[in-house]
Amino acid sequence: MTLPFFGLAFAAMLGMMLVGMPIAVSMALVGIIGGIAAYGVPFMDSIAPVVWGVHNENLLTCIPLFVLLGELLLRSGIADRMYIALSAWLGRLPGGLLHTNIGSCALFAATSGSSVATAATVGTVALPSLQRRGYSMRGSLGSLAAGGTLGILIPPSVNMIVYGSLTNNSIGQLFIAGIIPGLLLTACFMLYIAISSVASGHVMREAVVPWADKFRSLVHLVPPVVVFGIVMGSLYFGIATTTESAALGVMAALAFVWHSGKMSRELLRNCFISTARVSGMILLIMTAAFVLNLAISLTGVAEQMTKWVTSLGLSATGLILVLIVFYLILGMFMDVLSMQVATIPITYPIAVAVGVDPIWFGIFIVLMCELGLITPPVGMNLFVVHGIRPDKGGIEDAIWGALPYAVIMIAFTLLLMAVPQLVTFLPSRM
Amino acid sequence: MLKEEGAPAAASAPETSVKEHIENVLAWIFGTTFIALAAVVTVETLSRKLFNISLQGADELGGYSLAVGSTIAFSLALMGRNHIRVDVFHEMLPKGLQAFLNWFSIVSLAAFGIFVAWVATKVIADTMAYGSTAQTPWATPLIWPQSVWYAGLVIFALVATGYALRATGLLATRRIDTLNHDFHPKSAKEELKEELDDLANRQAAEGAKP
Amino acid sequence: QDRIKFKAIGQPLATGLIQKNKEQPFFENFAQRTGLPIDVDYKPIDTLGVKDTEQLRVMKAGLFDIVSLRVSQNSRDEPTLLGLDLVGASPDYATGRKVANAYFSTIDERLQKQFNVKLLGVWPFGPQVLFCKKPIAKLADVKGMKVRVYDQNLAKFIEMVGGTPVPVSFADTHQSLSLGVVDCAITGPSSANSAGWPEVTTHQLPLGFQMALNGYAISLKAWNQLKPDQQAKLKTAFDGLTSEIWTYSEELFQDALNCNQGKDPCTTGKKFKLTNVAVSPADLELVRGAVTKVSLPVWAEVCDKSNADCSKKWNATVAPVLGLK
Ligand code: NA
Ligand code: NA
């Protein structure tokens, strides 16, 4: 297959996605038609073993398990109570409750596989009190939208699982690699809030909370911290594989739900239905992605692209800079999961060919997805926080509020380029 | 949820309850599969670490659970309209074109479902022909998990075809508004509404407690 | 002139030096190596997103012409294959070659009948040996230890000698060793070297539990489109390749064993300081005994179910070269 023809097929796929065709169908259709055009009926017969291979992949079993884990903590109200506890601790910092937004998002991110769930949960608990206390709406919306994106950088992360399984990289290593960048980005966000708050001239702070109350509130942080500790600890110390760590996390979450007295048929049913819907959506896209991947690798498109790009004499740094622009633009218009599965089969081999570390590149892709979540016009987290704001205002408040965080994310990506050890240090010690 | 308040086509209350009933059954199968898996895997991991005993096969079980669970999840995602579609540009198109795209989306999704089920038929036929047996301590005859997996895919194909036929009926009878209402891409707003309803329920329950 | 284009499925990229230095160059210079007007589009299986257990099915679908067949994985669909590599049957290269020759036509016939593919050659990754982080002086010392295994046959064997088999993926083994999730692990010494296992172990026992045999096969459709003289040339080229790999594999094996214990010559790996445990006749006896005690009966039961003559054929062809009745 020639590159122009491939370009056409890729454009057709994006076009189908953008007019609102189901993502999975757009990808599968291009894969199947491309494959059959190149290889005839045998291509179709080869799809069968590939489909079973994807659905029987124990590695992907951790997707429903991690989603279920987040759902259990969310729907039992454990995540809601986290916010109250954190506001007692972070409220005195300049910027007040905005820090609590980021902190809660980071903490809940650490257990939930999804950033939308993170933004929605924390946002709903936070926004009414933010408005009552006179925080600027832009600042509030921005911190929530951006904080929500931490959900896919701080493990567990569905996007990392997708990356790992598409590129044959260890999901455990990706998770561990996400910890330092996740914490650092959280710190950057909080630093920005503090600085901009001081610079604005009127510094928001919350009232002093007595130490006794502070310590009493810590009990609400126990479930997320323990679940995160079990998942990441078992991974880091090699006690469990990724899927096993997810299973341990689910059992721990179940125990906390049981302990909270919220366990009911109704709760379980709701958790099961949402888990099934989310994982069904992801896994159908994965199925389509592997069909498309078969076509791409058979036709040798990725190799041609790789050859072409390397012939340009691009350095690793040059390539990443180009990819930042590429993903920034693509992320404006595409759903980030779709963006990921549609582009990785092409960009990954190129990146590896010019010498980019595969784990580092995984974290880079996740950062680009985070960026996509808060850039207009298609920015899922912008929609979410806009949807829950208690007053009547335009979407532009969320967009402007999130803009500084988008800039921070890009700067942060550049930092990771300069100091790649921030990503590679922990996994290399596993 | 397919219907909202003030839906133009409110004539189908029994259909809704049938749909909810199917959803419930599938959700319980899905959920208990993964809870049971999580329990088995936890026991395996702990017993390996603490007592040096390995059940051998928890990973195999994980693969089969996914095979069964994922196909059930396809149907549930379809019924909840969760198979993602980008809705930004969609909203700008004229109603007629939107209707056509909505119809085409569900028809193509059904076609994809049928295609995957058809492809799976070959997998099943091969497994039976070769008497394939997993290369694992359990030596599981592959046909056992694969037949359940296959059933899940057929259910998905049938459910999708059902929706596609309904959309085709609506298009043929020019009920454009109903078609657009029932089959348009799920917007962030709708997804959010579900989250908020659930949150409101949680907080109401919290408040109701003494 | 008419050039033929074949598509080939290769070993996964990360499988080591045989793939990198022998297999890939052979397929990339196919025309030159075979003297035939054939170009091969060579794809390592992991770049295709196809699982290695699915190789035979994908071959039967007809999209590919040549496959570097992974024997253990594909015995799922064709248990007859595993007769090549029963645990304990080939503790050394010489025996491995004898088994491969004796069993070749049995597999060839079966593959042709079931999957329309023809066997072109059989080659070894090499002996799969034991690495431990606790002192051992003989095989029997693994009693009570947790041992990383990669398939059912090996698991049964480890149980037989009193160890606890733990299935761990290759990628996770280094970490599992370092943290004590397992005490010992089994793989080829060269793979162990490149994966850094000697950093987290202390002893190696160079006794081959399995030879890790693999094969090359061609679809009958591709084979039959060649003229008889072309077929002969192709077969000769593959004979050359596999015989090269047999020799290379043995060199690698010896070299890696040297590297692991910090001896010279060591040209293919990193030097470590493992204690090399001498293989005693008793160890050999124990491994050989596994054939009749464990691996043959377990395998025969599964294999005879899908291929009625399976164990009968094995007893007629392979048993005599192993000196079994
Ligand atoms: Na997360
Ligand atoms: Na965006």
Side-chain angles (χ1 to χ4, degrees), chain A residues 17-25 28-29 45 47-49 51-52 55-58 60-61 64-65 68 75 77 80 117 120-121 124 239-240 243-244 247-248 250-251 254 268-273 275-281 283-284 287 333-335 337-338 377-378 380 383-384 387-388, chain B residues 23-24 26-28 30-31 34-35 37-39 41-42 45 49 59-60 62-67 69-78 80 82-90 93 101 104-105 108-109 112 116 119-120 122-123 146 149 185 188-189 191-192 195-196 198-199 202-203 206:
Chain A
M17 289 177 176
L18 289 180
V19 295
M21 292 279 290
I23 303 292
V25 173
L29 204 64
D45 291 343
I47 292 174
V51 170
W52 168 253
H55 293 171
N56 183 39
E57 176 59 69
N58 181 43
L60 293 178
T61 309
L65 288 176
L68 179 59
R75 299 200 188 282
D80 308 351
T121 308
T124 312
I239 297 163
T243 302
E244 286 167 351
L248 293 173
V250 166
M251 293 319 278
L254 267 180
L268 284 179
R269 191 202 82 103
N270 290 344
C271 288
F272 292 166
I273 285 211
T275 306
R277 284 178 179 167
V278 172
S279 10
M281 176 273 284
L283 290 164
L284 196 67
T287 310
F333 301 99
M334 274 183 90
D335 161 73
L337 182 72
S338 326
V378 183
M380 197 59 189
F383 298 151
V384 169
I388 44 186
Chain B
E23 276 186 319
N24 278 339
L26 291 179
W28 278 103
F30 175 90
F34 283 104
I35 296 276
L37 174 73
V41 171
T42 301
T45 310
K49 184 68 200 162
D59 53 340
E60 185 182 356
Y64 300 150
S65 304
L66 185 72
S70 61
T71 55
I72 292 175
F74 293 164
S75 296
L76 283 168
L78 179 65
N82 287 68
H83 289 299
I84 342 176
R85 297 167 57 191
V86 176
D87 67 340
V88 159
F89 297 107
H90 185 87
L93 301 172
L101 282 171
F104 190 65
S105 287
S108 64
L109 197 59
F112 184 49
V116 175
V119 148
K122 291 181 194 291
V123 175
Q146 281 188 348
W149 167 74
K189 219 170 167 183
E191 213 157 308
L192 191 67
E195 281 303 318
L196 295 183
D198 189 77
L199 186 76
R202 291 204 298 273
Q203 289 178 331
E206 196 91 350

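For clarity, every value in this text was computed on a predicted model and none was experimentally measured.
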message = Could you measure the distance from the CG atom of B/Asn82 to the CG atom of A/Leu284? Nearest 0.5 Å is fine.
response = 11.5 Å

key: Portion of B/Phe74 that has a non-hydrogen atom of chain A nearer than 4.5 angstrom   = both

query = Can you list the residues that meet the ring pair (Phe, Tyr, Trp, His ring centres under 6.0 Å) rule with B/Tyr64, with sequence neighbours excluded?
reply = none

task = Apply side chain to side chain contact (heavy atoms under 4.5 Å, CB included) to the pair A/Val51 and B/Val123, showing each step before the final yes or no.
result = CA-CA 9 Å; A/Val51 170; B/Val123 175; over 6 Å; no

ask   = In terms of heavy-atom pairs under 4.5 Å, which option from B/Ala39, B/Ser75, B/Ala120 contacts chain A the most?
value = B/Ala39

ask   = Which pair of non-hydrogen atoms, one from A/Met281 and one from B/Ala77, has the smallest distance, and what is that distance?
value = N-CB, 3.8 Å

note = So, the part of A/Leu248 with a heavy atom under 4.5 Å from chain B: the answer is both

task = Measure the spacing between CG of B/Leu26 and CD1 of A/Ile273 and express it to the nearest 0.5 Å.
result = 9.0 Å

message = To the nearest 0.5 Å, what is the distance between CZ on A/Arg269 and CD on B/Glu23?
response = 7.0 Å

query = What part of A/Leu60 gets closer than 4.5 Å to chain B, counting heavy atoms only: side chain, backbone, both or neither?
reply = both

note = dist B/Ile35:CD1 -> A/Leu68:CG (nearest 0.5 Å) comes out at 5.0 Å

query = Is it the side chain or the backbone of A/Pro64 that comes within 4.5 Å of chain B heavy atoms, both, or neither?
reply = side chain

B/Ser70, part contacting chain A, at a heavy-atom distance under 4.5 Å = both

query = Measuring heavy-atom distances to chain B, does A/Leu254 have an atom under 4.5 Å in its side chain, in its backbone, in both, or in neither?
reply = side chain

Check against side chain to side chain contact (heavy atoms under 4.5 Å, CB included), A/Val25 and B/Phe104 = CA-CA 11 Å; A/Val25 173; B/Phe104 190 65; over 6 Å; no

request  = Apply side chain to side chain contact (heavy atoms under 4.5 Å, CB included) to the pair B/Trp28 and A/Leu268, showing each step before the final yes or no.
outcome  = CA-CA 9 Å; B/Trp28 278 103; A/Leu268 284 179; 3.9 Å; yes

message = Give me the atom names and distance for the closest heavy-atom approach of A/Glu57 to B/Leu66.
response = O-CD2, 3.4 Å

request  = Could you pull out the closest heavy-atom pair between A/Asn58 and B/Gly63, with the gap in Å?
outcome  = OD1-N, 3.7 Å

remark   = When rounded to the nearest 0.5 Å, the distance separating NE2 of B/His83 from CD1 of A/Ile23 is 12.0 Å

ask   = Any idea which of A/Val250, A/Thr61, A/Thr287 has the most non-hydrogen atom pairs under 4.5 angstrom with chain B?
value = A/Thr61

inquiry  = Please give me the minimum heavy-atom distance between A/Ala247 and B/Thr42, naming the atom from each residue.
reply    = O-OG1, 3.6 Å

ask   = Of the non-hydrogen atoms in A/Ile47 and B/Val119, which two are nearest, and what is the gap between them?
value = C-CG1, 4.2 Å

ask   = What heavy-atom pair brings A/Ser279 and B/Ala73 nearest, and what distance separates the two atoms?
value = C-CB, 4.5 Å

